[in-house]
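Beneath this line is the structure, given in structure tokens, with notes to follow.
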Amino acid sequence: MNFVFDINAARQLISEIDAYSQNVQKSAVEILDILEFSDSWNDNNSKEFIANNKRICDDLIKIVEAEEEYKNAYKERVIELTGQYI
């Protein structure tokens with residue numbers, strides 16, 4: 001089989017990974033912005049809400065880190081296949 005590697009498709013994928021990661025980061029920041037003013041929330045439901053949202057932010061950060069690792073591995077593979085930096 002003869003495979004043709006499309007460098008433009010690789011660039012597009014990396015661009016989409018970056019956009020996705022930026023949106024995930026933005027979501028985490030928005031959640032943390034809401035929680036910034038949560039000190040005055042004293043009922044048990046609010047405390048659980050805050051804890052759950054902090055866990056969501058932790059998960060979002062892990063997603064961004066995993067996407068960054070994937071993107072870097074993909075870039076390295078593209079360089080190996082094409083000799084071109086993207």
Side-chain angles (χ1 to χ4, degrees):
M1 282 184 150
N2 190 12
F3 291 98
V4 177
F5 190 84
D6 186 348
I7 192 73
N8 291 324
R11 287 185 180 115
Q12 180 65 32
L13 177 60
I14 289 171
S15 176
E16 289 178 15
I17 291 171
D18 285 338
Y20 172 76
S21 294
Q22 288 172 2
N23 285 330
V24 171
Q25 286 176 322
K26 183 178 179 241
S27 296
V29 168
E30 289 170 349
I31 292 170
L32 291 173
D33 285 346
I34 292 169
L35 298 180
E36 183 178 339
F37 302 102
S38 64
D39 292 342
S40 62
W41 305 349
N42 293 322
D43 61 281
N44 287 334
N45 289 335
S46 295
K47 290 178 183 177
E48 187 174 333
F49 173 80
I50 292 165
N52 287 337
N53 278 283
K54 286 183 179 179
R55 281 194 292 275
I56 289 170
C57 286
D58 289 343
D59 290 345
L60 293 173
I61 290 167
K62 289 176 187 173
I63 288 169
V64 170
E65 290 170 347
E67 286 294 322
E68 187 67 23
E69 287 178 25
Y70 171 78
K71 183 181 77 172
N72 289 338
Y74 183 74
K75 280 182 171 183
E76 287 178 23
R77 186 69 178 136
V78 169
I79 293 166
E80 288 174 15
L81 291 172
T82 66
Q84 296 182 35
Y85 290 89
I86 56 174

Side chains of residues 73-83: which donor-acceptor partners sit under 3.5 Å, not counting sequence neighbours?
residue : atom : partner : partner atom : Å
Arg77   : NH1  : Glu80   : OE1          : 2.9
Thr82   : OG1  : Val78   : O            : 2.7
Thr82   : OG1  : Gln84   : N            : 3.0

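Atom OH of residue Tyr70 and atom CD1 of residue Ile14 lie 9.0 Å apart, to the nearest 0.5 angstrom. Taking CG of Leu32 as the reference point, atom OG of Ser27 lies at 11.0 Å (rounded to 0.5 Å). Summarising the geometry, atom CD belonging to Glu67 is positioned 11.0 Å from atom CG belonging to Asn72; distances are rounded to the nearest 0.5 Å. Summarising the geometry, atom CD1 belonging to Ile31 is positioned 14.0 Å from atom CD belonging to Glu36; distances are rounded to the nearest 0.5 Å. For the atom pair Asn45 CG and Ile50 CD1, the distance stands at 11.0 Å (nearest 0.5 Å). The distance from atom CG of Asp18 to atom CG of Leu13, rounded to the nearest 0.5 Å, is 9.5 Å.
Residue pairs meeting the salt bridge (Lys or Arg N to Asp or Glu O under 4.0 Å) criterion with at least one partner in residues 41-51, sequence neighbours excluded, are absent. Screening residues 53-65 for side chain to side chain donor-acceptor pair (under 3.5 Å) gives Asn52-Arg55 as the qualifying pairs, with residues at least two apart or on separate chains. Listed by first then second residue, pairs satisfying salt bridge (Lys or Arg N to Asp or Glu O under 4.0 Å) with a partner in residues 23-34 read Lys26-Glu30, not counting sequence neighbours.
Side-chain heavy atoms closer than 4.5 Å link hydrophobic residues (I, L, V, M, F, W, Y) into clusters, and following such links, even through other members, never connects Leu60 to Val29.
The minimum heavy-atom distance linking Ala28 with Cys57 is given by the pair O-SG, 3.6 Å.
Not counting sequence neighbours, the partners of Asn8 by the side-chain hydrogen bond (donor to acceptor under 3.5 Å, both in side chains) test are Arg11. Checked against side-chain hydrogen bond (donor to acceptor under 3.5 Å, both in side chains), Asp6 has no partners two or more places apart in sequence or in another chain.
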